[in-house]
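Notes to accompany the following structure.
Letters A, B, ... mirror the listed sequences (proteins, then strands); counts begin at 1.
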Protein chains: 2
Amino acid sequence: MSKEASLKFHMNLGMMIRSAHNSMTERFVQNVFKSGLDISMDQWLVLGPIWQLESPSQKDLGEICLRDKPTITRIIDSLEEKSLVVRVSDQIDHRINRVILTNAGKQLFYDVLPIMEKTREEVRGDIPEEEIEIFKNVLSKILKNLNS
Amino acid sequence: MSKEASLKFHMNLGMMIRSAHNSMTERFVQNVFKSGLDISMDQWLVLGPIWQLESPSQKDLGEICLRDKPTITRIIDSLEEKSLVVRVSDQIDHRINRVILTNAGKQLFYDVLPIMEKTREEVRGDIPEEEIEIFKNVLSKILKNLNS
DNA sequence: ATTTTTTAGTTGCAGATGCAACTAAAAAAA
DNA sequence: TTTTTTTAGTTGCATCTGCAACTAAAAAAT
């Protein structure tokens with residue numbers, strides 16, 4: 001293998017993907033901080049589905065957010081400490097915790113939503129919509145390739 | 001904002017990017033393990049540029065690999081423990097460490113190269129080359145958007 | 001020539017991550 | 001009905017990460 005081929009090879013997806021993810025998270029956290037609010041990216045990414053699904057189980061959240069069980073447990077712990085959500089044991093299946101938003105949680109969600117939107121615009125810049133679509137598409141294909 | 005718009009919003013880039021990155025790393029590690037070799041993704045991603053650049057400084061490696069200084073320090077520590085690289089203080093500027101591959105390091109590099117190639121093929125599957133190109137392009141645009 | 005600033009790298013710390021082992025409860029098998 | 005297996009969630013541990021504070025050396029300013 002030539003050095004050139006290798007160079008191209010090494011400067012590729014893995015490093016860029018990790019770095020892009022880090023930068024996006026960092027920017028979001030900065031924007032949240034500038035708005036005087038207090039929520040981490042992880043907490044936010046879980047908060048949305050909770051709002052949306054009304055009272056998902058932790059398993060549901062793990063599947064949607066693509067996180068493992070312990071991670072969800074800890075994120076919900078942290079949200080509960082902040083009184084943004086509560087765990088309610090399912091009436092029928094006592095193994096299941098239903099996670100529901102408190103009023104404070106809903107309020108924070110609505111407050112952060114425009115910040116997320118702003119961050120998203122900063123991330124996208126002037127990248128054409130169709131390229132973003134292909135980008136997402138490739139991502140989901142990669143996920144499918146690796147989980148089958 | 002409608003629930004539908006929000007759903008789309010929440011199921012988007014951040015989670016997918018992180019998950020794709022994790023899956024790729026995991027697959028690489030599995031493939032390496034199956035080949036009876038022993039190197040982590042992080043170590044590998046640094047090893048390549050060392051091989052390529054002959055004797056980069058740690059700063060060079062950080063810039064190429066998009067990692068911060070402490071991370072590079074620790075990865076080089078781990079590579080040095082395995083006797084895959086050595087640090088050599090720069091003759092002229094004594095602040096700089098030049099990192100160079102040992103023979104064992106070179107050997108491992110050559111051994112892992114085909115495994116990386118295989119992993120890359122698994123990741124790509126049958127995604128068309130032009131989509132991969134756009135994908136990489138969007139990634140670098142995102143990085144540029146966030147670091148300017 | 002001396003002091004100040006900048007640069008390269010290291011160390012310590014606090015928080016996140018994934019894995020494996022665990023508990024408790026429900027479902028399936030016997 | 002009792003036992004076994006599966007499922008949902010938690011805890012512990014070892015590792016990784018990024019940030020801030022630090023050391024040592026070089027460059028710039030005085």
- Between B/Ser40 and A/Arg87, whichever has its closest DNA chain D nucleotide further toward 5' is A/Arg87
- Note on the structure: Between A/Ile72 and B/Thr71, the residue closer to the 5' end of DNA chain D by nearest nucleotide is A/Ile72
- Query: So what's C/dT23 paired with, Watson-Crick or G-U wobble, going by both distances under 3.5 Å?
  - Reply: D/dA8
- Task: Using both distances under 3.5 Å as the test, list the Watson-Crick or G-U wobble partner of D/dT15, or none.
- Result: C/dA16
- Message: Determine whether a donor-acceptor pair (N or O, by modelled atom type, separation under 3.5 Å) exists between the side chain of B/Asp93 and the backbone of B/Asp90.
- Response: no
- Message: So does B/Leu84 get a backbone contact from the side chain of B/Thr102, meaning a donor-acceptor N/O pair under 3.5 Å?
- Response: yes
- Task: State whether B/Asn97 places a side-chain N or O below 4.0 Å from either non-bridging phosphate oxygen (OP1 or OP2) of C/dA8.
- Result: no
- Is any side-chain N or O of A/Asn22 closer than 4.0 Å to OP1 or OP2 of D/dG18? yes
- Message: Any donor-acceptor pair under 3.5 Å linking the side-chain atoms of B/Arg87 with those of B/Gln58?
- Response: yes
- Aromatic plane relationship, B/Phe109 with B/Trp44 - under 30° parallel, 30 to 60° tilted, over 60° perpendicular: parallel
- Message: What I want to check is whether an N or O donor and acceptor connect the side chain of B/Arg74 with the base of D/dG18 at under 3.5 Å.
- Response: yes
- Does any N or O donor sit under 3.5 Å from an N or O acceptor when you compare the side chain of A/Arg18 with the base of D/dG18? no
- Report which part of the nucleic acid B/Lys59 touches: base, sugar-phosphate, or nothing (heavy-atom distance under 4.0 Å, all strands). sugar-phosphate
- Heavy-atom nearest nucleotide on DNA chain C taken for A/Arg95 and for B/Asp93; more 5' hit belongs to B/Asp93
- Nucleotide of C/dA8, D/dA26, D/dG18 approaching B/Lys69 most closely (side-chain heavy atoms): C/dA8
